[in-house]
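Remarks on the structure that follows.
Owing to the predicted nature of the structure, the values given are computational and were not obtained by experimental measurement. Whatever order the structure lists them in is the order used to number ligands and atoms, beginning at 1.
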Amino acid sequence: MCRSVLIDIVSAFPEMFQSVFGESMIKRTVGKGLVTIRIHDLRDYTADRHRQVDDCPFGGGPGMVMKPEPFFEAVEAVRQGKTGAMESRVLLMSPQGSTLTQAKVRELSRIDHLVILCGHYEGVDERVRLYLADEEISIGDYVLTGGELAAMVVVDSLVRLVPGALRVSSLEEESFSRGLLEYPQYTRPREYRGMGVPEILLSGDHERIRRWREQRALQKTRERRPDLLGGQDEK
Ligand code: ADE
């Protein structure tokens with residue numbers, strides 16, 4: 001039987017998620033009941049009239065810092081009713097986190113309940129990092145205006161690994177799952193504006209095609225991402 005994954009996202013800009021999550025594989029996977037995604041407005045967890053989620057930094061300095069209370073309140077609320085048997089992990093999206101890799105996505109896809117916190121402005125109160133988040137995740141060495149796009153990247157990469165979302169064979173063949181980049185792919189037409197398709201792919205000889213693909217994947221990886229071969233590349 002297929003399990004179901006619950007993802008709670010806490011953000012001060014919840015509308016940002018509507019179009020991305022309302023399309024394509026994320027929509028289909030949610031539709032099949034394999035994943036449940038709930039978006040929570042951080043402002044719903046404020047206690048003041050202005051629904052303020054940020055404030056000036058102690059010690060002075062430019063910019064604003066996101067307040068801790070709405071994050072703590074939101075996480076407590078989404079965890080309500082969850083039993084201890086359900087593994088739950090709180091992720092804080094931040095450029096200071098460890099960089100997302102396919103191995104990390106695979107690990108996260110096995111967790112029953114993920115709570116993803118999106119930071120914004122100049123930063124997030126350090127207590128969120130220290131006492132609320134289990135893990136900080138960055139999607140790369142650049143600074144976004146907020147954690148929302150990064151959270152979408154995490155969800156998108158994770159949803160396709162949830163059992164039942166994708167054909168198993170597609171997963172086995174893809175980049176990174178075998179530690180290699182993908183081999184070149186072609187489809188109809190056989191010839192387009194004088195550009196052809198490698199003859200071998202039209203040969204029908206499945207064993208030769210398999211070997212050709214393997215060798216092209218290795219060659220591409222050696223040229224573009226030798227770091228992925230990590231010394232296992234025999235010259
Ligand atoms: N928030 C801002 N920049 C980010 C990044 N690179 N990864 C994750 N969250 C972020």
Quick look: A150 vs ligand 1, heavy-atom contacts under 4.0 Å, and the answer is side chain
For atom 6 (N) of ligand 1, what is the nearest protein heavy atom, given as residue, atom name and distance? Y142 O, 2.8 Å
What residue and heavy atom of the protein are closest to atom 7 (N) of ligand 1, and at what distance? I139 N, 3.0 Å
Hydrophobic cluster membership, with links at side-chain heavy-atom distances under 4.5 Å among I/L/V/M/F/W/Y: are Y131 and L42 in one? yes
Are side-chain heavy atoms of M152 and M16 found at a separation under 4.5 Å? yes
Indicate yes or no: at least one non-hydrogen side-chain atom of V154 is less than 4.5 angstrom from one of I7. no
Please report which non-hydrogen protein atom sits nearest to atom 9 (N) of ligand 1, along with the residue it belongs to and the distance in Å to one decimal place. S94 N, 3.1 Å
Within the structure, is a non-hydrogen atom of T145 found at a distance of less than 4.0 Å from ligand 1? no
Polar-atom distance check: V143 versus ligand 1, any N or O pair below 3.5 Å? no
With a 4.0 Å cut-off on heavy atoms, is G119 touching ligand 1? no
Pairwise side-chain contact, V5 with I111, heavy-atom cut-off 4.5 Å (strictly under): no
Atom of Y45, atom of A77 and distance for their closest heavy-atom approach: CE2-CB, 3.6 Å
Mark yes or no for whether T221, through its side chain, and L181, through its backbone, hold a donor-acceptor pair below 3.5 Å. yes
Which of the numbered atoms in ligand 1 are below 4.0 angstrom from a heavy atom of I137? 8 (C)
Distance under 4.0 Å to a non-hydrogen atom of G140: what atoms of ligand 1 satisfy this? 6 (N)
Closest non-hydrogen atom pair between M66 and H120, with its separation: SD-N, 2.9 Å
For ligand 1, which part of D141 has a heavy atom less than 4.0 Å away: the side chain, the backbone, both, or neither? neither
Shortest protein heavy-atom distance from atom 1 (N) of ligand 1, along with the residue and atom involved: P95 CD, 3.5 Å
Under a single-linkage definition using a 4.5 Å side-chain heavy-atom cutoff for Ile, Leu, Val, Met, Phe, Trp and Tyr, are I9 and L6 assigned to the same hydrophobic cluster? no
Please write down residue, atom name and distance for the protein heavy atom closest to atom 3 (N) of ligand 1. L144 N, 3.0 Å
